[in-house]
There are 2 protein chains.
Amino acid sequence: MANQLNLSIDRSSPVPLYHQVVQGIEAAIHTGRLELGSRLDNEIDLAAQLNLSRPTMRKAMDELVRSGLLVRKRGVGTQVVSSQVRRPLELSSLYDDLSNNGSKPTTEVLSFSHLEADATTREALQLPAGAKVYHFTRLRKVGGKPLALMENWVRDDITHIDEALLGAQGLYGILRNGGVNFRLASQRIGAVVANDYQAPLLETPPGSALVTMERTAVDDTGRLVETGHHVYRGDSYSFEMTLVQR
Amino acid sequence: MANQLNLSIDRSSPVPLYHQVVQGIEAAIHTGRLELGSRLDNEIDLAAQLNLSRPTMRKAMDELVRSGLLVRKRGVGTQVVSSQVRRPLELSSLYDDLSNNGSKPTTEVLSFSHLEADATTREALQLPAGAKVYHFTRLRKVGGKPLALMENWVRDDITHIDEALLGAQGLYGILRNGGVNFRLASQRIGAVVANDYQAPLLETPPGSALVTMERTAVDDTGRLVETGHHVYRGDSYSFEMTLVQR
DNA sequence: GTCAATAGTTTGTCCTGACATTAGGATCTT
DNA sequence: AAGATCCTAATGTCAGGACAAACTATTGAC
């Protein structure tokens, strides 16, 4: 088995070697060149095949194990995990999700204001008294069908936001363009039934099931950038995720 | 700053050095010895303070960054992220969750059978025709209040399962005792309203909101061990998680 | 024939060392 | 005083080596 992974490593590229390996193996798995359940060569051979050191090879495989694509066992070897769909829950907005899936979402801004944060919001975003925030509610539709009703609070010292911008682009896109590097978000997912305000907007009967999500996002400087409360139509949206045991 | 983290590393312990560091820093953050938002010493100094090599120190910090406790920035340093509660979504059963939180859950086994898997189940667990599975439904209560209604299918070539066992112990506990090392699970979370079967069992009115979860779990040999469909009372349960950007 | 000891393979952990890249402050220049 | 430039500190990447631990399969003994 001279060259199991048919990868070419570009040492002059700015993308780290271990990451090139990650991408290469991911591609090999998705194209089927590496069969599900098959065994990989051992780390030392693989490293030698690609002219890499073992730590670099291992770092790449570490990432793939973490993301659930590979399974390692000491004394035995490394396998491609044989499982079906894998869509890890990523730090992305609904807009991104839908755009990537080919649908064309539209956004309707229902309300928009730039005001002093109340106590609850100040606590959620850890802001000092007197700080101002953007507050807005949006309705997201896909193919003309309403899918999500979203209420958000965003600190205003990051980038300018207005109604027109929100209608044209996802919130996370706006904030990323404003120089925000998201690092982590904590969220809570639950269920409620539609009330008389939500039901007509989402074009669903009052009393039908809605998925709720509350999320607060943190950027790479530790700032709490955004908090929001979203509701989704339960008959058209669910959260999929892959959990990996460490 | 001679010894910022007041850790003692036990080199004779079987637990890896980097993991001892992870636990130590986690403890320091939780007890408040490391303040939220404060800066850590640089990697090289920290490694020297603990008489460790830099790669070992880095590996520990890598884990903490991944889990969202630390934030690193090249050229600047490493900070404790200033965020509130963090409860990562882990690969564990509801029973574990509740037990760890001090509540004492009880389980009522509503139905139990050991039968040949139908086509849907065979596909979900990737079983050959004719394979048998355990199938059961359980009602979980906490403090006498019903919380979750769970229906599961488990392959039968792992360990023996019976009604008495299920009444006394969580499913994941039983399977772990049976030698299963869980590696990953994919799940989907959504919302429905309670139907006439679910409502009385959960002691909630028909039409109230329920959180649904479908999960399939994979062990370290790549076997699909278990699949299930759970519903939780929306007024008493939600999924909390922390997402980390890579 | 069955069970136990053993050898070999593979991943897990840890070390030392080196250089690249980036962010931010200090310094110098205009 | 304002701007551009250099310097320093910190993390990011990569190499190569050594030993430990776990699992497999073979071999050996009873």
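Proteins come first, then strands; the chains are lettered A, B, ... in the order of their sequence lines, and each starts at number 1. Only this structure's heavy atoms are used, side chains among them; waters, hydrogens and symmetry mates stay out.
If you measure from atom CG of B:Leu40 to atom C1' of D:dT11, you get 13 Å, rounded to the nearest angstrom. Between the CZ atom of B:Arg39 and the P atom of D:dA10 there is a distance of 7 Å, given to the nearest Å. Between A:Met57 atom CE and C:dG12 atom P the separation is 13 Å, expressed in whole Å. The nearest whole Å value for the distance from the OH atom in A:Tyr18 to the P atom in D:dC14 is 7 Å. If you take CG of A:Leu46 and P of C:dT9, they are 17 Å apart, rounded to a whole angstrom. One interatomic measurement links the two molecules: NZ of A:Lys59 to P of D:dT11, which rounds to 14 Å at whole-angstrom precision. The interatomic distance linking A:His19 (NE2) with C:dT21 (P) rounds to 17 Å, in whole Å. As a whole-Å value, the separation of A:Met61 CE from C:dT11 C1' is 9 Å.
If you check D:dG12, D:dC23, C:dC14 against the side chain of B:Arg72, the one that comes closest is D:dG12. Counting only heavy atoms from C-beta on, A:Arg11 has its side chain closest to D:dC14 among C:dG12, C:dC15, D:dC14.
Using a 4.0 Å cut-off, no side-chain N or O of A:Thr56 falls inside it from OP1 or OP2 of D:dT13. For A:Arg58, no side-chain nitrogen or oxygen approaches OP1 or OP2 of C:dT11 to under 4.0 Å. Contact annotation: A:Thr78 side-chain N/O to C:dT11 OP1/OP2 distance is under 4.0 Å.
Ring geometry for A:Trp153 against A:His135 counts as parallel: the plane angle stays under 30°, on a 0 to 90° scale with 60° as the upper cut.
Residues A:Asn51 and A:Arg74 each lie close to DNA chain D; by heavy-atom proximity, the contact nearer the 5' end of the strand is made by A:Asn51. When each of A:Leu17 and A:Gly75 is assigned the nucleotide of DNA chain D with its nearest heavy atom, A:Leu17 is the one assigned upstream, toward the 5' end.
Side chain of A:Gln20 to main chain of A:Asp10: a donor-acceptor pair is present (N/O by atom type, distance under 3.5 Å, no hydrogens or angles). Distance alone, capped at 3.5 Å, is enough to place a donor-acceptor pair between the A:His30 side chain and the A:Glu26 backbone. The main-chain N or O of A:Gly228 is never found under 3.5 Å from a side-chain atom of A:Arg215 such that the two would form a donor-acceptor pair.
Comment: A:Arg72 engages A:Glu43 in a salt bridge, judged by a side-chain N to carboxylate O separation of less than 4.0 angstrom.
One cannot find a donor-acceptor pair under 3.5 Å joining the base of C:dG17 and the side-chain atoms of B:Arg54.
Residue A:Pro55 is classed as a base contact, given a heavy-atom separation below 4.0 Å to a base.
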